[in-house]
Amino acid sequence: MRMIYFAWLRAKIGVAEERIEPPAEIATVADLLDWLKAKGGGYGDALADLSVVRVAVNQEYVKADHPVAAGDEVALFPPITGG
Amino acid sequence: MRMIYFAWLRAKIGVAEERIEPPAEIATVADLLDWLKAKGGGYGDALADLSVVRVAVNQEYVKADHPVAAGDEVALFPPITGG
Amino acid sequence: MIRVQREDFDIGAEIGALCAGNHRIGGIASFLGVVRDEAGGEAIEGMTLEHYSGMTEKELTRIEAEARRRWPLEACLIIHRYGRLEPGERIVLVVTASGHRGAALEACHFLIDWLKTKAPFWKLEETRRGEKWVDARGADDAAAARWVREPDKAAE
Amino acid sequence: MIRVQREDFDIGAEIGALCAGNHRIGGIASFLGVVRDEAGGEAIEGMTLEHYSGMTEKELTRIEAEARRRWPLEACLIIHRYGRLEPGERIVLVVTASGHRGAALEACHFLIDWLKTKAPFWKLEETRRGEKWVDARGADDAAAARWVREPDKAAE
């Protein structure tokens, strides 16, 4: 699974992109966020308040119950502030 | 009194501007329009349907009951179509 | 700022000059009206815009003041041309600049709607069947009437 | 048409190229967003716009398609810059062209409101106290929510 982080999530986690291999029981976005958060360190810090974390799977905005699979591109970022 | 005509009112009356001296009893815009219309010819034609005639006195839009006086600049024109 | 002129204008240069150096501006809205080649199903070869010189400037100045009263604008420009114009040519430009986009966008919309029913211009269109003075559109009155309410209430 | 680029753009040239030769166009609305020198009472010396390359283009394309579905547009352009920008610099341009002004103005307002909550961009502002990621504004969500209704109903 390809992870991409943006804005302060990237700054806190400390990398812009990485490949991860979560265990088979990680089936949804919510599972994935909990699993990452449990790694602690930068992940714990970045994901401390999930109400300000947005997720895209394969470049589509998704909710916490959306499924995730091995080949996905999953992006984590704060609410957008462009324009 | 200085009269100015625009658009098809100018075309029908046949002049763009003129000086007129209406009799003393012409006190309002309505009086003036009736008096001009009674002259017939181009005036009668131009003023046949007063519902499509707009009036400005001294460059301010006015209604039919607005007073007119000797020194005024009075403009007659159709509803505007700019922009 | 208002201008009534026969000459064409350059929208980029106008916006640049209007907003140069004012870094309180965050949003600039503009509306550009151009001559269409068709009206009411009939081909238009050109048109002539007649206006009431003197009163036009007065009305445009008043319209700009009304927009500035309703919205917090950093800058505002209205340019309206007169004379003969062909399809594709620019007729009118409205530019509004504000700290935030909502004020700029609403004021721009207000100005062009208001101008359409208040600025003394008349269009003579050239069709294959001859010249024809354009009739006022009821839709323009309706568009202008929308702004009779103040922006706080209108914004909802 | 959408473009995501680091480079600046020329609004007059963009509008000219977008609308050239299309004489069905009667009204062209535009919105230009520029960098302010102040935010929340604090001086801003510059900002960096980060974006999600790939997804940004997808979202902007989708937003343009939605505007075209809702309004009869002859032409539509969105340009959004990324990278470091200083106060007074252009960030985003939206241009909409239609036969009549109402469609152009409404679609332009819709596009910038919608873009603000859908296009994946993030702003890092430089203040005297250091760098700061900008928080999303509730006002932007409210502005976008206004357009959840279809234009027929929204126009009243």
Side-chain angles (χ1 to χ4, degrees), chain A residues 1-20 28-30 32-33 36-37 41-83, chain D residues 4 31-36 39-40 47-63 78-83 85 90-94 108-125 130-141 143-144:
Chain A
M1 192 176 294
R2 182 185 178 201
M3 299 299 300
I4 314 183
Y5 310 112
F6 290 99
W8 54 257
L9 274 128
R10 174 177 46 69
K12 287 185 174 175
I13 291 171
V15 294
E17 288 195 35
E18 62 181 338
R19 296 213 159 262
I20 60 168
T28 67
V29 166
L32 178 65
L33 293 176
L36 283 172
K37 189 173 172 174
Y43 297 99
D45 190 17
L47 302 173
D49 177 5
L50 291 177
S51 76
V52 288
V53 175
R54 300 290 179 269
V55 184
V57 172
N58 300 324
Q59 305 189 352
E60 299 281 344
Y61 296 112
V62 298
K63 304 267 189 205
D65 60 357
H66 191 87
V68 290
D72 286 345
E73 173 178 306
V74 179
L76 307 186
F77 43 80
I80 65 176
T81 56
Chain D
V4 183
F31 178 80
L32 180 64
V34 296
V35 181
R36 297 171 68 206
M47 65 149 72
T48 300
L49 267 161
E50 180 172 325
H51 79 115
Y52 186 173
S53 181
M55 182 166 174
T56 305
E57 289 81 355
K58 244 167 132 166
E59 284 295 320
L60 292 180
T61 299
R62 188 176 285 179
I63 291 165
I78 304 172
I79 302 177
H80 206 305
R81 294 176 70 189
Y82 61 88
L85 299 171
R90 288 172 273 269
I91 306 171
V92 60
L93 175 67
V94 173
C108 182
H109 202 155
F110 164 81
L111 281 166
I112 188 68
D113 279 353
W114 214 241
L115 182 160
K116 283 258 181 186
T117 62
K118 305 228 183 258
F121 283 90
W122 300 274
K123 277 182 191 150
L124 179 68
E125 288 177 343
E131 294 184 334
K132 185 175 165 290
W133 288 99
V134 176
D135 287 330
R137 295 171 64 224
D140 286 335
D141 291 331

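All figures in this text were calculated on a predicted structure; none of them were measured in a lab. Sequence lines set the chain letters: A, B, ... in the order given, protein chains first and strands last, and positions in each chain run from 1.
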Nearest-0.5 Å distance that lies between atom [atom1] in [X] and atom [atom2] in [Y]:
X	Y	atom1	atom2	result
D:I78	D:T56	CD1	OG1	11.5 Å
A:E18	A:L36	CD	CG	7.5 Å
D:M55	D:R62	CE	CZ	7.5 Å
D:T117	D:I112	OG1	CD1	10.5 Å
D:L49	D:Y82	CG	OH	11.5 Å
D:L85	D:T48	CG	OG1	7.5 Å

Going by salt bridge (charged side-chain N to carboxylate O under 4.0 Å, His left out), name the pairs with one or both residues in residues 109-123 of chain D, residues two or more places apart or in two chains.
C:R101-D:D113, D:D113-D:R146
Please state whether the side chain, the backbone, both or neither of [X] comes within less than 4.5 Å of a heavy atom of chain A.
X	answer
D:L115	both
D:D135	backbone
D:R81	neither

Side chain to side chain, A:M1 and A:L32, heavy atoms closer than 4.5 Å:
yes
With a strict 4.5 Å heavy-atom criterion, list every residue of residues 3-13 of chain A that contacts chain D, or say none.
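Near chain D, by residue number: A:I4, A:Y5, A:F6, A:A7, A:W8, A:R10.
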Contact list (residues 45-54 of chain A to chain D, heavy-atom gap under 4.5 Å, by number) returns none
Which residue pairs pass the side chain to side chain donor-acceptor pair (under 3.5 Å) test when at least one of the two sits in residues 73-83 of chain A, sequence neighbours left out?
A:R2-A:E73, A:Q59-A:E73, A:E73-D:Y52
Check whether any side-chain N or O of D:E57 sits under 3.5 Å from a backbone N or O of D:G54 as a donor-acceptor pair, and report yes or no.
yes
Looking only at atom types and distance, does a side-chain atom of D:W122 sit under 3.5 Å from a main-chain N or O of A:P78, one as donor and one as acceptor?
yes
